[in-house]
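Quick note on labels: first sequence line is chain A, next is B, and so on, each numbered from 1.
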Amino acid sequence: MRYDFVEIEKKWRKYWAANNTFRADNKSSKPKFYVLDMFPYPSGQGLHVGHPLGYIASDIYTRYKRLRGFNVLHPMGYDAFGLPAEQYAIQTGQHPAITTEDNIERYRTQLELLGFSFDWEREVRTCEPGYYKWTQWIFMQLFKSWYNKKTDKAEPIDALIEALSKSGTAGIDAHTSEVMEFTAAEWIAKSEHEKQEALSNYRLAYLSEAYVNWCPELGTVLANEEVKDGLSERGGFPVERRMMKQWLLRITAYSDRLLSGLDKIEWSEALKEMQKNWIGKSKGASMLFSVDGSDEKIKVFTTRPDTVFGATFMVLAPEHDLVEQICTEDRKEAVDDYVEQTKKRSERERMADVKQVSGEFTGAWAIHPFSSEKIPIWISDYVLLGYGTGAIMAVPSGDQRDWEFATHFDIPIVPVVSNSDPSKGANEDKDGVMINSDFLDGLKIPDAINTMIDRLEKDNTGEARTNYKLRDSVFSRQRYWGEPFPIYYKDGMPYVLEENELPLELPEVDKYLPTETGDAPLGRAKSWNSEDGHPLDLNTMPGWAGSSWYYLRYMDPGNTDALASKEAIDYWQNVDLYIGGAEHATGHLLYVRFWTKFLHDLNIVPFDEPMKKLVNQGMILGPGGEKMSKSKGNVINPDDLVVKYGADTLRMYEMFLGPLQDAKPWDTHGIEGVFKFLNKLWKLYDGVEDSEPHQLDLTTLHKTIKKVQSDIENLSFNTSVSAFMICVNELSQSNCNSKSILSDLAIIVSPFAPHIAEEIWEKLGNKESISFAAYPGYDEEYLQQDTYVYPVSFNGKVRFKIELSVELSTAEIESEVLEHDISKKWLDGSPPKRVIVVPQRIVNVVI
RNA sequence: GCCGAAGUGGCGGAACUGGUAGACGCGCACGACUCAAAAUCGUGUUCCUUCGGGAGUGAGGGUUCGAUUCCCUCCUUCGGUACCA
């Protein structure tokens, strides 16, 4: 009988849907396992062959785990809010919900064609009110929380308010935007407006005037990770810096936990490294420098406090608050000009001429804290306002950028570490001893750093300090197609809605564009007010809001009382295996960890890392080795291949292409080999008999079970496909027709090619789906061999092979080998210098 | 620049903790079946060779009886990041 994949696949797709075969229960006596794919944004293009790669891998793993007796949660959904649908809406006037719905339908059809064992009853869509109610709810909790450094977790703001009214800021150690100090009396005396203002300094979701990446073309702000080389990631439009009032999330409160948490999760080193760099922890000290003839002090952050005796000037970021105050009259014009210029320049331009040294002298002088010498204060855009304190002590002998600046403006360079050569460049190495450094002279650098920090703390002019590159995340977008903020304004201050007012649904608007007055699109909505008439926030949340907790919603997608029930969360716990692209390294994958830690602090989830193990699938490139894209016209559509070869062939071929994690070019020709393999497999089942299995066939089977099992556990699917091919070749060769062997083969193939496996399984007389069969064990007994063919090499080169019993001792093997005619030829009468015998491996004769 | 990953036949790729390099598949060549073609099956396929062998896993060196695997130097490609003090 012919392998009629069209009929077979249609039949089993229907069967699985009708029987709800892959429904996962929230209660089970079986151990749980959670396998998750990064859910897709349903774009108008549909899927190309690159998308299913990860889904196929996770589906194989899922089906394997089921066969091993696990209750597996394997859901799928859609990251449905986003820019493309909105851009389309602006162009055509069609509501983004309609576009999104259509695209989702298309995705669903394509996904179903591939035979994934998703529990479709758990599908989620981030754009549905029933879903985003809980995205809004989490935001609300962030707004109502502050970060207590003493307990190292988020706590309710109400408790903070109570503490403030009892004893002011005394005894409170919070993660804040700026340090605040006031007494209980002062707190009580504050107006409501002032209180709210003060509280926003503590809240984990707060409004702030901040420099943001503004994209005029898209009409919205972007997060740092949505900007690539000064252009928007989506669309490639220019991005400029602009001061705007925005919602921010205080992710920086979690910097340390986000960093240390990496040690306990199984993610690739590359990815952990990216997150580490993004968080960018560096240890050093903060130091105060007095300004000559002023009460102002300049606070700097440095990782090298030991080099302070080499500090020959100071540099402030052009936007630094002190610039205006300390700038002298004669320098004012030049300085103002420079500041103006910096503001105008976009990120992109600033990046383009990194090598260009520029700056202006403010006319002011700082007093060196140890030598009491006067050193000039400059401004330059190589010092960034957002990092450290926005000011540095410049040590041209120890920092290359300072060196270039000093050389350019002819500022003295004083070496402070032995083996420095100031005429050539800065010495940034951390070996050598201190020179020209008063009480530090002769100390090694690490000792000098500690000595200096002790001294600073004693003198009260500085302290040890840890700094992070990580910034609080801008959380508002001036767009329509996203989650509205559950926020209204009273007296200009933000307040949250009541929980029972959620979800705050997206209003209808006449156009998906900003208003004439420049307000975000929600400004077009009629009566966009709270129930008591206060205006609602006009922003919407960014794309990553909904994806930061979706893995929890799958556990209990219909719940209307909570984001998921306690029972469901306690049962499923965190994700055991997460598969998706590495492009989300510093976006989604950081935010989902942040939100999980926050929900952990709120006692909503018992774990504080969302994904125990994460694997990044590599990209499938076009046949030429380029990225697949519509514009290049090299997109391979999976639907066409399914029509021609069937889903089982496509699934196996995608796995066969190469290691899951590697990028690899697509070559449609190769699919024939896998298709032939499935045909051969199918043929094996003609004339199956209940006969006694042949020894050789048992060896073939058990070797394959062993190989495939370890491959799946290591996510090495390409080698299991090879193993199946070898197995089927061998069984065909020996005309195997043993039912027991062929039944086991069907089970181990089923995670890879589920449709054909179901069909075979049914033909073998089984009534239940193969999905819940028991994975066969392998027996080492069948893998034992009586003899082993030794490759015999002379000086490392293989010259002949000899089959010997595995019972032989090393000495016996040696003499058997040396007796061989070819050995005699190579030895040519003289005795070997040495003979190495590795049992069941090799024999090497040294001559 | 810095960080990370990777370089193996014509191509995708195998090779467990150092032990037969090139499994499996594609492609190609030849053969069988066929009036013919497709499909299918079989054989061969790293390169050079005076048919004894020799060379060979990006390049060069090292450790070892033995290196794709370990160590050092360098080159190339891809991904990330970029004045982070």
Side-chain angles (χ1 to χ4, degrees), chain A residues 225 228-229 268-278 280-282 284 300-304 307 315 350-351 353-357 380-384 386-395 398-402 404-405 428 467-471 582-583 585-586 616 618-619 621 623 625 652-653 656-659 661-674 676-677 679-680 683 707 710 714 716 718-727 729 732 789-801 825 832-838 840-847:
Chain A
E225 49 285 351
K228 290 255 156 14
D229 300 326
S268 72
E269 282 311 311
L271 207 118
K272 288 188 191 179
E273 201 60 34
M274 275 187 230
Q275 291 211 342
K276 265 183 211 164
N277 292 339
W278 193 260
K281 181 176 185 170
S282 58
V300 302
F301 171 72
T302 175
T303 55
R304 292 293 302 275
T307 62
V315 185
R350 274 175 91 156
M351 266 185 251
D353 49 26
V354 162
K355 289 284 165 282
Q356 198 83 35
V357 178
S380 172
D381 63 5
Y382 85 88
V383 174
L384 307 174
Y387 183 75
T389 59
I392 61 159
M393 64 172 199
V395 182
D399 183 289
Q400 192 56 30
R401 292 154 305 170
D402 296 346
E404 268 151 28
F405 194 87
E428 297 185 341
N467 215 25
Y468 297 88
K469 261 181 2 187
L470 187 68
R471 286 293 105 75
E583 65 271 23
T586 53
N616 295 121
M619 205 167 346
L621 308 166
M652 285 199 110
Y653 185 55
F656 188 57
L657 278 179
Q661 289 91 336
D662 293 2
K664 49 217 164 249
W666 178 263
D667 173 22
T668 297
H669 292 297
I671 202 169
E672 299 276 352
V674 173
K676 276 188 210 163
F677 156 76
N679 276 282
K680 269 196 220 172
K683 263 198 208 136
K707 170 81 178 141
S710 80
N714 295 315
S716 172
N718 54 328
T719 50
S720 354
V721 178
S722 305
F724 283 128
M725 288 173 169
I726 294 167
C727 175
N729 286 347
S732 305
V789 180
Y790 282 92
V792 179
S793 51
F794 288 78
N795 289 346
K797 294 231 182 295
V798 178
R799 298 302 176 183
F800 67 93
K801 285 168 191 175
K825 186 190 120 189
K833 281 195 194 138
R834 206 176 147 185
V835 180
I836 290 119
V837 176
V838 185
Q840 306 219 39
R841 285 257 186 233
I842 51 106
V843 176
N844 189 20
V845 183
V846 186
I847 51 173

Engineer: Between rG80(B) and rC11(B), how far apart are the P atoms? Round to whole Å, please.
Structural biologist: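 These two P atoms come out 26 Å apart once rounded.
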
Engineer: Please figure out whether I671(A) or A270(A) has its closest RNA chain B nucleotide nearer the 5' end.
Structural biologist: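 Here A270(A) is the residue nearer the 5' end.
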
Engineer: In whole Å, what is the span from the CG atom of L271(A) to the P atom of rU81(B)?
Structural biologist: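 Rounded to the whole Å, the gap is 11 Å.
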
Engineer: Relative to the 5' end of RNA chain B, which residue comes earlier, N795(A) or V674(A), by the nucleotide with the nearest heavy atom?
Structural biologist: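 Looking at RNA chain B, the more 5' nearest nucleotide goes with V674(A).
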
Engineer: Output the rounded distance in Å from CE (M652(A)) to C1' (rC24(B)).
Structural biologist: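 Whole-Å distance recorded here is 12 Å.
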
Engineer: Figure out the CD/P separation between E269(A) and rA5(B), and round it to whole Å.
Structural biologist: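 Spelled out: CD on E269(A) to P on rA5(B) is 8 Å.
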
Engineer: With sequence neighbours left out, what residues match F405(A) under ring pair (Phe, Tyr, Trp, His ring centres under 6.0 Å)?
Structural biologist: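 Counting only residues at least two positions away or on another chain, F405(A) forms a ring pair (Phe, Tyr, Trp, His ring centres under 6.0 Å) with F313(A), W378(A), Y382(A), F409(A).
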
Engineer: Between rA85(B), rG25(B), rC3(B), which one does the side chain of N277(A) approach most closely?
Structural biologist: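 Of the options given, the side chain of N277(A) lies nearest rC3(B).
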
Engineer: Under the side chain to side chain contact (heavy atoms under 4.5 Å, CB included) criterion, do R834(A) and N844(A) qualify, and how do the steps go?
Structural biologist: CA-CA 8 Å; R834(A) 206 176 147 185; N844(A) 189 20; over 6 Å; no

Engineer: Strictly under 4.0 angstrom, non-hydrogen atoms only: write out the protein contact profile of nucleotides 39-53 of chain B, one letter per nucleotide from the 5' end, B, S or -.
Structural biologist: -SS-----------S

Engineer: So, is N729(A) near the phosphate of rG25(B), with a side-chain N or O under 4.0 Å from OP1 or OP2?
Structural biologist: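 It does, given that an N or O in the side chain of N729(A) lies less than 4.0 Å from OP1 or OP2 of rG25(B).
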
Engineer: Does N277(A) have any side chain to side chain donor-acceptor pair (under 3.5 Å) partners at least two apart in sequence or in another chain, and if so, which?
Structural biologist: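 If we apply the side chain to side chain donor-acceptor pair (under 3.5 Å) test to N277(A), skipping adjacent residues, there are no hits.
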
Engineer: What is the nucleic acid contact for K281(A), judged by heavy atoms within less than 4.0 Å: base, sugar-phosphate only, or nothing?
Structural biologist: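 K281(A): no heavy atom of the nucleic acid under 4.0 Å.
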
Engineer: Could you give me the stems involving RNA chain B, meaning stretches of three or more consecutive Watson-Crick or G-U wobble pairs whose two defining distances are both below 3.5 Å?
Structural biologist: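 Stem list for RNA chain B: B:1-7 with B:75-81, B:10-12 with B:24-26, B:27-32 with B:40-45, B:46-48 with B:53-55, B:58-62 with B:70-74.
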
Engineer: Taking the P atom of each, how far is rC70(B) from rG7(B), in whole Å?
Structural biologist: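 Comparing P positions in rC70(B) and rG7(B) gives a spacing of 11 Å.
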
Engineer: Would you call W666(A) and L621(A) a side-chain contact if the rule is heavy atoms closer than 4.5 Å?
Structural biologist: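 Heavy-atom side-chain distance check fails, nothing below 4.5 Å.
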
Engineer: Over 60° means perpendicular and under 30° means parallel, so classify the ring planes of F800(A) and F794(A), tilted if in between.
Structural biologist: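 Answer is tilted, since the angle falls between 30° and 60°.
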
Engineer: Between rA29(B) and rU64(B), how far is it from one C1' atom to the other, in whole Å?
Structural biologist: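 Approximately 42 Å lies between the C1' atom of rA29(B) and that of rU64(B).
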
Engineer: Glycosidic conformation of rG9(B), syn or anti, with 90° from 0 as the boundary?
Structural biologist: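 The base of rG9(B) is oriented syn (glycosidic angle within 90° of 0).
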
Engineer: Which residues pass the ring pair (Phe, Tyr, Trp, His ring centres under 6.0 Å) test with Y790(A), not counting sequence neighbours?
Structural biologist: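 Counting only residues at least two positions away or on another chain, Y790(A) forms a ring pair (Phe, Tyr, Trp, His ring centres under 6.0 Å) with Y788(A).
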
Engineer: Return the value, rounded to whole Å, for the distance between atom CD of E273(A) and atom C1' of rG79(B).
Structural biologist: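 Atom-to-atom, E273(A) to rG79(B), this comes out as 14 Å.
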
Engineer: Provide the distance between the two C1' atoms, one in rA67(B) and one in rG60(B), to the nearest whole Å.
Structural biologist: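 Straight-line distance between the two C1' atoms is 15 Å.
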
Engineer: In whole Å, measure the gap between the C1' atoms of rC41(B) and rC47(B) for me.
Structural biologist: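 My reading of the C1' atoms in rC41(B) and rC47(B) gives 30 Å.
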
Engineer: Test of understanding: with side chain to side chain donor-acceptor pair (under 3.5 Å), list the residues that count as partners of E672(A), not counting sequence neighbours.
Structural biologist: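 Here the qualifying residues are Y645(A).
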
Engineer: Check the pair I836(A), V846(A) against side chain to side chain contact (heavy atoms under 4.5 Å, CB included), reporting the backbone distance first and the verdict last.
Structural biologist: CA-CA 8 Å; I836(A) 290 119; V846(A) 186; 4.2 Å; yes

Engineer: What residues, two or more places apart in sequence or in another chain, satisfy ring pair (Phe, Tyr, Trp, His ring centres under 6.0 Å) together with F301(A)?
Structural biologist: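 So F301(A) forms no ring pair (Phe, Tyr, Trp, His ring centres under 6.0 Å) with any residue.
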
Engineer: Restricting to ring pair (Phe, Tyr, Trp, His ring centres under 6.0 Å), what partner residues turn up for F677(A), sequence neighbours left out?
Structural biologist: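 Per chain and number, F677(A) pairs via ring pair (Phe, Tyr, Trp, His ring centres under 6.0 Å) with no residue.
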
Engineer: Using the C1' atom as the point on both nucleotides, what is the distance between rG13(B) and rG25(B), in whole Å?
Structural biologist: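 Their C1' atoms lie roughly 9 Å apart.
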
Engineer: Quick one: W666(A) CH2 to rC11(B) P, roughly how many Å, whole number?
Structural biologist: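 Atom-to-atom, W666(A) to rC11(B), this comes out as 20 Å.
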
Engineer: With syn defined as a glycosidic torsion within 90 degrees of 0 and anti otherwise, which applies to rG61(B)?
Structural biologist: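 Glycosidic conformation of rG61(B): anti.
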
Engineer: Could you give the NZ-to-P distance, from K272(A) to rA5(B), as a whole number of Å?
Structural biologist: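 Atom NZ in K272(A) sits about 13 Å away from atom P in rA5(B).
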
Engineer: List in chain and number order the residues that pass side chain to side chain donor-acceptor pair (under 3.5 Å) with E273(A), two or more places apart in sequence or in another chain; answer none if no residue qualifies.
Structural biologist: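 For E273(A), no residue satisfies side chain to side chain donor-acceptor pair (under 3.5 Å) once neighbours in sequence are set aside.
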
Engineer: Could you tell me how far rA38(B) sits from rU45(B) if I compare only their P atoms? Round to whole Å.
Structural biologist: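 Those two atoms are separated by 24 Å.
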
Engineer: Report the distance from atom NE2 of H669(A) to atom P of rC24(B), rounded to the nearest whole Å.
Structural biologist: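 From H669(A) NE2 to rC24(B) P: 22 Å.
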
Engineer: Using atom C1' of each nucleotide, how far apart are rC74(B) and rG42(B) to the nearest Å?
Structural biologist: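 The same atom, C1', in both gives a distance of 48 Å.
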
Engineer: Partners of S732(A) by side chain to side chain donor-acceptor pair (under 3.5 Å), sequence neighbours excluded?
Structural biologist: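 Per chain and number, S732(A) pairs via side chain to side chain donor-acceptor pair (under 3.5 Å) with no residue.
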
Engineer: If the condition is salt bridge (Lys or Arg N to Asp or Glu O under 4.0 Å), which residues does D399(A) pass it with, not counting sequence neighbours?
Structural biologist: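 Partners of D399(A) by the salt bridge (Lys or Arg N to Asp or Glu O under 4.0 Å) criterion, ordered by chain and then number, come out as R401(A).
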
Engineer: Quickly work out the W278(A) CH2 to rG4(B) P distance and round it to whole Å.
Structural biologist: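 Distance, rounded to whole Å: 18 Å.
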
Engineer: Summarise protein proximity over nucleotides 13-23 of chain B in one line of letters, 5' to 3': B for base, S for sugar-phosphate only, - for none, counting protein heavy atoms closer than 4.0 Å.
Structural biologist: SS-BB-BB--B

